[in-house]
Undergrad: 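Sharing a structure, written as structure tokens. Questions coming.
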Amino acid sequence: MNIETKCLHAGYTPKNTEPRVVPIVQSTTYVYDSTDDVAAVFDDPTISLIYSRFENPTVMAVEKKIAALEGGVGAMCTSSGQAASLLSLLNILKAGDSFISTTAIYGGTINLFAVTLPRMGIECIFVSPDATEEELNATFKPNTRAVFGETIANPALTVFDIEKFAKAAHAHGVPLIVDNTFPTPILCRPIEFGADIVTHSTSKYMDGHAVQVGGVIVDSGNFDWTNGKFPEFTEPDESYHGTIYTKAYGKAAYIVKARMQLMRDFGCYPSAQSAFYLNLGLETLAVRMKQYCENAMTVARFLEAHEKVESVNYPGLESNPYHELAKKYLPLGCSGVISFVIKGGRSAAVRFMDSLKLASNEVHVADIRTCVLHPASATHRQLTDEQLVAAGINGGMVRFSVGLESIDDILEDLKAGLAAV
Ligand SMILES: *Cc1c(COP(=O)(O)O)cnc(C)c1O
């Protein structure tokens, strides 16, 4: 199946007389014929369902669809994108370990990496997304066990050189985790460029309609956990009566461990109802992503030519420093988020935003409706000036998430907003 078809059909194939649409299985529990059947499920939790804290048929249909879209061997949904980032790392790291992340990542992820994980004894070593291969290689420590980056950073909009980071990670025997929220698998599939694990905030384009918060972790199945650096995959898990994940689950060791160990213990699994909404969004993902790219490109060109705009950041523009990487990793388009700096700094940006009629002020991006945000006073409010600069944010910067309204109406709104500055 091509990806447009997978959006509609992967993950759920109804049999004779079964519902056409993925059913909402709103049940915490599942029944068994005998205690022996229950025992068998506890011996191998992948043969049947146990409990909706970590397994549910509606959610699992969506997990299969997303795994198919990204080209992975399995996926696990989480109750938020933050939970996906957290569990993707905790499945590999423990107190005393370190991992490497680029500085160009989502503000919430920066808090998690710079403040909360260190409290748990896990160190994040930050590197520039533009680090050379030599600089990258010099960053690894003996206890470094993963590398993390965002395909298109929110909101810096830098394009992550997946192959470069994958090469460095693999040279040091550790996996590369890529947050692919902004492109979605329609515009980029990081696994094809060497990523081992892919995460998403499904709250953004995948859901697309701003109706539910969620996340997902996808396992490529490609990483060799038996290379000697990851005993928790190759030695018996005492919390799961001695299961050796690489032996029992082969290529799916990572994602089965994430579910049976971490989801069991942390319990941040989405509800069947949330998964149902997410699935509706995924069904139209391919169509929507192409239209977002087209509208965003038109808006970016309009802003670039406008006298009141100091600079426009959109990797689809030829003038953008990440344009070459965008051509390589995002040949179909650079998704729907643009950031730009209005002449006159912070106050001009605020005046512009408050003059918009169609675009709404939202702490969100990737909505089907056009929305706008001032990162310095919202999502990135907690960052120091130094961290703001490292994350690529200017006080006069506006983050503009282009929606699927008529492009003429979006441009009218922008013209009126800029006229008010
Ligand atoms: C929003 C976002 C997250 C966090 O996801 P939530 O669903 O809000 O928890 C992580 N990464 C990126 C790139 C995001 O845009």
Side-chain angles (χ1 to χ4, degrees), residues 59 62 66 70 75-90 101-117 124 129 148-160 162 176-188 190 195 197-218 266 268-271 274-275 277-278 281-282 285 289 292 296 313 315 322 329-330 334-339 362-368 371-373 375 378-383 391-393 399-402:
V59 185
V62 177
I66 296 174
E70 285 287 7
M76 180 178 78
C77 285
T78 56
S79 54
S80 68
Q82 283 297 108
S85 305
L86 174 66
L87 295 197
S88 74
L89 287 161
L90 288 188
S101 169
T102 77
T103 50
I105 52 175
Y106 174 64
T109 315
I110 294 182
N111 289 331
L112 174 65
F113 290 3
V115 181
T116 302
L117 285 179
C124 178
F148 188 98
E150 261 176 48
T151 319
I152 301 177
N154 173 12
L157 304 179
T158 52
V159 179
F160 186 53
I162 302 170
L176 175 65
I177 305 173
V178 176
D179 179 337
N180 195 36
T181 297
F182 269 20
T184 81
I186 304 302
L187 303 180
C188 178
I197 312 295
V198 176
T199 62
H200 284 273
S201 165
T202 61
S203 328
K204 312 293 164 56
Y205 290 106
M206 282 191 168
D207 163 78
H209 299 71
V211 294
Q212 58 89 42
V213 170
V216 70
I217 304 172
V218 183
F266 288 88
C268 47
Y269 203 55
S271 70
S274 294
Y277 289 134
L278 172 56
L282 289 169
L285 185 66
M289 290 317 293
Y292 281 121
N313 184 11
Y322 293 91
Y329 293 111
L330 302 153
C334 295
S335 202
V337 180
I338 293 169
S339 69
E362 278 174 39
V363 185
H364 193 45
V365 283
D367 193 345
I368 200 160
C371 57
V372 70
L373 182 84
T379 45
H380 290 67
R381 198 175 181 77
Q382 68 289 347
L383 302 191
I393 294 151
R399 186 178 70 180
F400 197 82
S401 175
V402 183

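Every number for a ligand or one of its atoms is a count from 1 in the order of the listing. The basis for the numbers below is simple: all heavy atoms, side chains too, and nothing from hydrogens, waters or symmetry mates. Only a predicted model underlies this, so the values are computations on that prediction, with no experimental measurement involved. Starting from 1, each residue takes its place in the sequence as its number.
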Undergrad: Is a side-chain donor-acceptor pair under 3.5 Å present for Asp207 with Thr202?
TA: no
Undergrad: With heavy-atom distances below 4.0 Å as the criterion, list the atoms of ligand 1 near Gly214.
TA: 7 (O)
Undergrad: Do any heavy atoms of Ala83 fall under 4.0 Å from ligand 1?
TA: no
Undergrad: What protein heavy atom is closest to atom 6 (P) of ligand 1, reported as residue, atom name and distance in Å?
TA: Gly81 N, 3.3 Å
Undergrad: Are the side chains of Leu278 and Ile66 in touch, meaning some heavy atoms are under 4.5 Å apart?
TA: yes
Undergrad: Please indicate whether any nitrogen or oxygen in Ser201 is less than 3.5 Å from any nitrogen or oxygen in ligand 1.
TA: yes
Undergrad: So, Ser88 versus Ser85: side-chain donor-acceptor pair below 3.5 Å or not?
TA: no
Undergrad: Check ligand 1 against Val213 and write out every atom of the ligand that is under 4.0 Å from a heavy-atom position of the residue.
TA: 7 (O)
Undergrad: Within the structure provided, determine whether Val218 and Ile197 are in side-chain contact (heavy-atom separation under 4.5 Å).
TA: no
Undergrad: If you draw the axis of the six-membered ring of Tyr292, does the NZ or CZ of Lys204 fall within 45° of it and under 6.0 Å from the ring centre?
TA: no
Undergrad: Do any N/O atoms on Val365 end up under 3.5 angstrom from N/O atoms on ligand 1?
TA: no
Undergrad: So is Asn154 polar-close to ligand 1, meaning N/O to N/O under 3.5 Å?
TA: yes
Undergrad: Quick test: of every protein heavy atom, which one is nearest to atom 12 (C) of ligand 1, and how far off is it to 0.1 Å?
TA: Asp179 OD2, 3.4 Å
Undergrad: Below 4.0 angstrom from a heavy atom of Gln82, which ligand 1 atoms are there? Numbered from 1 as shown, please.
TA: 4 (C), 5 (O), 6 (P), 9 (O)
Undergrad: Return the closest protein heavy atom for atom 7 (O) of ligand 1 as residue, atom name and distance.
TA: Ser203 OG, 2.6 Å
Undergrad: Indicate yes or no: at least one non-hydrogen side-chain atom of Met206 is less than 4.5 angstrom from one of Pro185.
TA: yes
Undergrad: Taking only heavy atoms of Ser80 into account, list the atoms of ligand 1 that are under 4.0 Å away from them.
TA: 7 (O), 9 (O)
Undergrad: Using the ring centroid of each side chain, check whether Phe160 and Tyr329 are separated by less than 6.0 Å.
TA: no
Undergrad: For residues Leu87 and Cys268, report the shortest heavy-atom separation together with the two atoms involved.
TA: CD1-SG, 3.8 Å
Undergrad: Can you tell me which residue and heavy atom of the protein come closest to atom 4 (C) of ligand 1, and the distance to 0.1 Å?
TA: Tyr106 CE2, 3.4 Å
Undergrad: What residue and atom, counting heavy atoms only, is the protein's closest point to atom 14 (C) of ligand 1, and at what distance?
TA: Lys204 NZ, 2.9 Å
Undergrad: Could you tell me which atoms of ligand 1, counted from 1 in the order shown, lie closer than 4.0 angstrom to a heavy atom of Glu150?
TA: 13 (C)
Undergrad: Is the shortest side-chain heavy-atom distance between Arg399 and Asn154 below 4.5 Å?
TA: yes
